[in-house]
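Worksheet: the structure to be examined is printed underneath.
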Amino acid sequence: MRRAVCPGSYDPATNGHLDIIERAAGLFDEVVVAVLVNKSKRSLFSVDERLEMLREVTAPWPNVRIDSWHGLLVDYCQTNGIAAIVKGLRAVSDFDYELQMAQMNQRLSGVETLFMSTNPLYSFLASSLVKEVATYGGDVASLVPPKIEQRLVQRVQERNAEGS
């Protein structure tokens, strides 16, 4: 079975993330979308909330599984028999960082990283930008799936109310 992992924080998942996941699902027998836990980041959504949202929006692809991991991604891959990491690249600046990580992962474990160019429609898109736009009341409807948009707007309103 050809298995790959699409790692990320997914805080929140964007249409760009889903484009990469869908395309990877067409290439592999199973794709694991792994929410990586980074305790040094202040997330808008809990890991459980991100897992739930990802399960909802990836439901159309039966070969996509959602999971989470705290630790090295290559350890997750080895534990779960996954030989490939799939990463989306938006720009050259992404490549510089991702290449170093791919080489380190390959050296540590033999796990290969496959880079997929982002659909030009989403080349500007990042979760951090989506959160910032939503925080200031901007329209994020074309940037995230509707189910995520609803939760994002609600969470931002809650946080804004707490801060006032």
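Not measured: the values here are computed from a predicted model. The figures that follow rest on heavy atoms only: side chains count, while hydrogens, waters and symmetry mates do not.
In this structure, Tyr122 is a member of the same hydrophobic cluster as Leu54, with clusters built from ILVMFWY side-chain heavy atoms closer than 4.5 Å. Under the 4.5 Å side-chain heavy-atom criterion for Ile, Leu, Val, Met, Phe, Trp and Tyr, Val57 and Phe45 are members of the same hydrophobic cluster. At a threshold of 4.5 Å between side-chain heavy atoms, the hydrophobic network of Ile, Leu, Val, Met, Phe, Trp and Tyr places Met116 and Leu36 in two separate groups. Note on Val140: it clusters hydrophobically with Leu18, by side-chain heavy-atom contacts below 4.5 Å among ILVMFWY residues. Note on Tyr10: it clusters hydrophobically with Val156, by side-chain heavy-atom contacts below 4.5 Å among ILVMFWY residues.
When atom types are taken as modelled, the side chain of Asp29 and the backbone of Arg2 share a donor-acceptor pair closer than 3.5 angstrom. Between the side chain of Arg50 and the main chain of Ser9, a donor-acceptor pair closer than 3.5 Å is present.
The side-chain heavy atoms of Asn160 and Thr135, taken from C-beta on, include a pair separated by under 4.5 Å. In this structure the side chain of Glu98 reaches within 4.5 angstrom of the side chain of Met101, judged on heavy atoms. Between Ile85 and Leu73 the shortest side-chain heavy-atom distance falls below 4.5 Å. Between Thr14 and Leu143, the closest side-chain pair of non-hydrogen atoms is not below 4.5 Å. Taking 4.5 Å as the limit, every side-chain heavy atom of Asp96 sits out of range of all side-chain heavy atoms of Gln100. Residues Thr79 and Trp69 are in side-chain contact: their nearest non-hydrogen atoms beyond the backbone lie under 4.5 Å apart. Between Ser127 and His17, the closest side-chain pair of non-hydrogen atoms falls below 4.5 Å. Side-chain contact between Arg159 and Leu44 is present, with heavy atoms from C-beta onward closer than 4.5 Å.
Nearest heavy atom pair, residue Val64 against residue Ala25, reads CG2-CB, 3.8 Å. Between Ile148 and Ala13, the closest heavy-atom pair is CD1-O, 3.6 Å. Of all heavy-atom pairs between Val74 and Ser109, the closest is CG1-OG, 3.3 Å. Residues Glu149 and Ala141 approach most closely at OE2-CB, 3.6 Å, considering heavy atoms. Gly16 and Leu125 make their closest contact through N-CD2, 3.7 Å (heavy atoms, listed as atom of the first residue, atom of the second, distance). Closest approach of Asn15 to Ser142, counting heavy atoms only: ND2-O, 3.0 Å.
Atom OG of residue Ser117 and atom NZ of residue Lys87 lie 15.5 Å apart, to the nearest 0.5 angstrom. Here the straight-line distance linking atom OG1 of Thr113 with atom CD of Gln106 works out to 8.5 Å at 0.5 Å rounding. The CH2 atom of Trp61 sits 6.5 Å away from atom CD1 of Ile21, with the distance rounded to the nearest 0.5 Å. Considering CG of Asp94 and OG1 of Thr118, their distance stands at 7.0 Å, rounded to 0.5 Å. We find the CG-CD distance between Asn80 and Glu30 to be 8.5 Å, quoted to the nearest 0.5 Å. Taking OG of Ser46 as the start and CZ of Arg155 as the end, the distance is 7.0 Å to the nearest 0.5 Å.
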Is there a side chain to side chain contact (heavy atoms under 4.5 Å, CB included) between Ile66 and Leu51 once you walk through the steps? CA-CA 7 Å; Ile66 309 303; Leu51 294 171; 3.5 Å; yes
Would you check, one step at a time, whether the test side chain to side chain contact (heavy atoms under 4.5 Å, CB included) holds for Glu49 with Ser43? CA-CA 11 Å; Glu49 289 170 321; Ser43 299; over 6 Å; no
In sequence, state the C-alpha distance, the side-chain angles, and the governing distance for Gln157 and Val153, and then conclude on side chain to side chain contact (heavy atoms under 4.5 Å, CB included). CA-CA 6 Å; Gln157 289 172 345; Val153 169; 3.6 Å; yes
Would Val111 and Ile82 satisfy side chain to side chain contact (heavy atoms under 4.5 Å, CB included), going step by step from the backbone distance to the final call? CA-CA 8 Å; Val111 173; Ile82 296 172; 5.8 Å; no
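Few gaps surround CD on Glu56; more than 12 heavy atoms of other groups in view lie less than 6.0 Å from it.
A donor and an acceptor atom, one from each side chain of Gln154 and Glu158, are located under 3.5 Å apart.
A salt bridge links Asp11 and Lys131; the closest N-O separation between the charged side-chain nitrogens and carboxylate oxygens is under 4.0 Å.
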